[in-house]
Number of protein chains: 2
Amino acid sequence: MTAAEQVTSPHAAEVLRELRAYRAAEEAMRRRTRDSMKMGENDLAALRFLLRAQGQGRVVTPGMLSDHLGMKSASVTVMLDRLTKSGHLTRGAHPTDRRSIAVSATPGSDDEVRATLGEMHRRMMGVASHLDQRGAEIVRRFLLDLATAADEVATA
Amino acid sequence: MTAAEQVTSPHAAEVLRELRAYRAAEEAMRRRTRDSMKMGENDLAALRFLLRAQGQGRVVTPGMLSDHLGMKSASVTVMLDRLTKSGHLTRGAHPTDRRSIAVSATPGSDDEVRATLGEMHRRMMGVASHLDQRGAEIVRRFLLDLATAADEVATA
DNA sequence: CCGCGAACCTAGTCGTTCTAGTTACAAGTG
DNA sequence: CACTTGTAACTAGAACGACTAGGTTCGCGG
């Protein structure tokens, strides 16, 4: 707005506008998914985390979900109750630590999430595949710089 | 994972990984800001919307916030109560429609938000400015395609 | 074998949003 | 001008989700 900001190149503003538009679109998509599954934000994030870990054969405990989602362990317990009652996951015995618990997604939940987020992932992969090697490098660098910028804000 | 997805170029996966990293970083940044201001997500979004509109001399009504944030008007009322009590905004008379209300941010609120999100915006602008014309076009196209993909998922 | 810490759960509270219903005003019609 | 319909915001009350505090069970080191 001020004269000092006029030094920025005109196409930079275009890029940021497009970035905002993408973020809005993705958020709206995520919201539609949550609404159609009648879930909260954390519930869906937990399922995604769970499915990804399961795909790699890793065991997931409530504590890991607590760390990953930034929730207190008590809140995780209630969330697991909720998702268990809705049939999205089950609690089982932990293979090595009898204090702990192994959380696993039900097959139905797996299908449900893959049907929506998997579709999204495929499309995104399609978009990214249209980049040639140089384009990919440019985009990658751009995203990396943005992430660095975000990390540095309000941290110093 | 399956053989069918092996057709995607290897650098595409890299790009998507970077994209996820950026989204996580931005979300974390936003969360830090919200926590430091002790506000909810919508509260902060409302303030940003308000400040941007105010910068353009536009009048903001509760109804506009309701539309923009996807909240019910009743929820907006409560949110305005909250933000008024915390000293971030004031309610005033609407210039033309006496049914309506003009919401405006307090100077203190303006400073507070600019100090954090303005900093973020400057940094993002800096990153985007490092792109040359061709790079900007590539990134812009990429983001536009992603937004289109998100829009089309679960809509058909 | 005993105490300490870790992992999870239970109970109670608070904050945020929603639905339903109300009041005040605007706009169009005879 | 009187009347009807629609719009803007608010009030009341319930639902939902996350947090704090306080158990319970179990692994581990002395």
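Every chain is numbered from 1, with letters handed out A, B, ... down the list of sequences. Side-chain atoms are counted along with the backbone in the values below, which use heavy atoms only and exclude waters and symmetry mates.
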For A:E14 and A:R17, run salt bridge (Lys or Arg N to Asp or Glu O under 4.0 Å): C-alpha distance rounded to whole Å, both residues' side-chain angles, the deciding distance at 0.1 Å, then the answer.
-> CA-CA 5 Å; A:E14 278 289 336; A:R17 194 169 9 259; 3.4 Å; yes
For A:M71 and D:dT20, what is the distance between atoms CE and C1' respectively, to the nearest whole Å?
-> 14 Å
Where does the chain B footprint on DNA chain C start and end, counting 5' to 3' with a 4.0 Å heavy-atom cut-off?
-> C:dT16 to C:dA26
Count the heavy atoms belonging to other residues, nucleotides or ligands that lie under 6.0 Å from CZ of A:R31, then report whether that count exceeds 12.
-> no
When the distance from CD of A:E41 to P of D:dC16 is rounded to whole Å, what number comes out?
-> 18 Å
Under 6.0 Å from the CZ atom of A:R134, do we count more than 12 heavy atoms belonging to anything else shown?
-> no
Compare all side-chain heavy atoms of B:T84 with those of B:T90 and state whether any distance is below 4.5 angstrom.
-> no
Neighbour count above 12 (heavy atom, 6.0 Å) for A:R141 CZ = no
Using a 4.5 Å cut-off on heavy atoms from C-beta on, say whether the side chain of A:F49 contacts that of A:L69.
-> no
Rounded off to whole Å, could you give me the CG-to-C1' distance for the B:D67 and D:dT7 pair?
-> 12 Å
Listing time: all N or O pairs from protein to nucleotides 8-11 of chain D that are below 3.5 Å?
residue, atom, partner, partner atom, Å
D:dA8, O3', B:S100, OG, 3.2
D:dA9, OP1, B:P62, N, 3.3
D:dA9, OP1, B:S100, OG, 2.8
D:dA9, OP2, B:G63, N, 2.7
D:dC10, OP1, B:R91, NH1, 2.8
D:dC10, OP2, B:T77, OG1, 3.0
D:dC10, OP2, B:R91, NH1, 3.4

Over how many whole Å does the gap from A:N42 atom CG to D:dC19 atom C1' extend?
-> 13 Å
Salt bridge check: are B:R122 and B:E119 linked by an N-O gap of less than 4.0 Å?
-> yes
Using side chain to side chain contact (heavy atoms under 4.5 Å, CB included) as the criterion, point out the one residue from B:D110, B:L83, B:L80 that pairs with B:H88.
-> B:L83
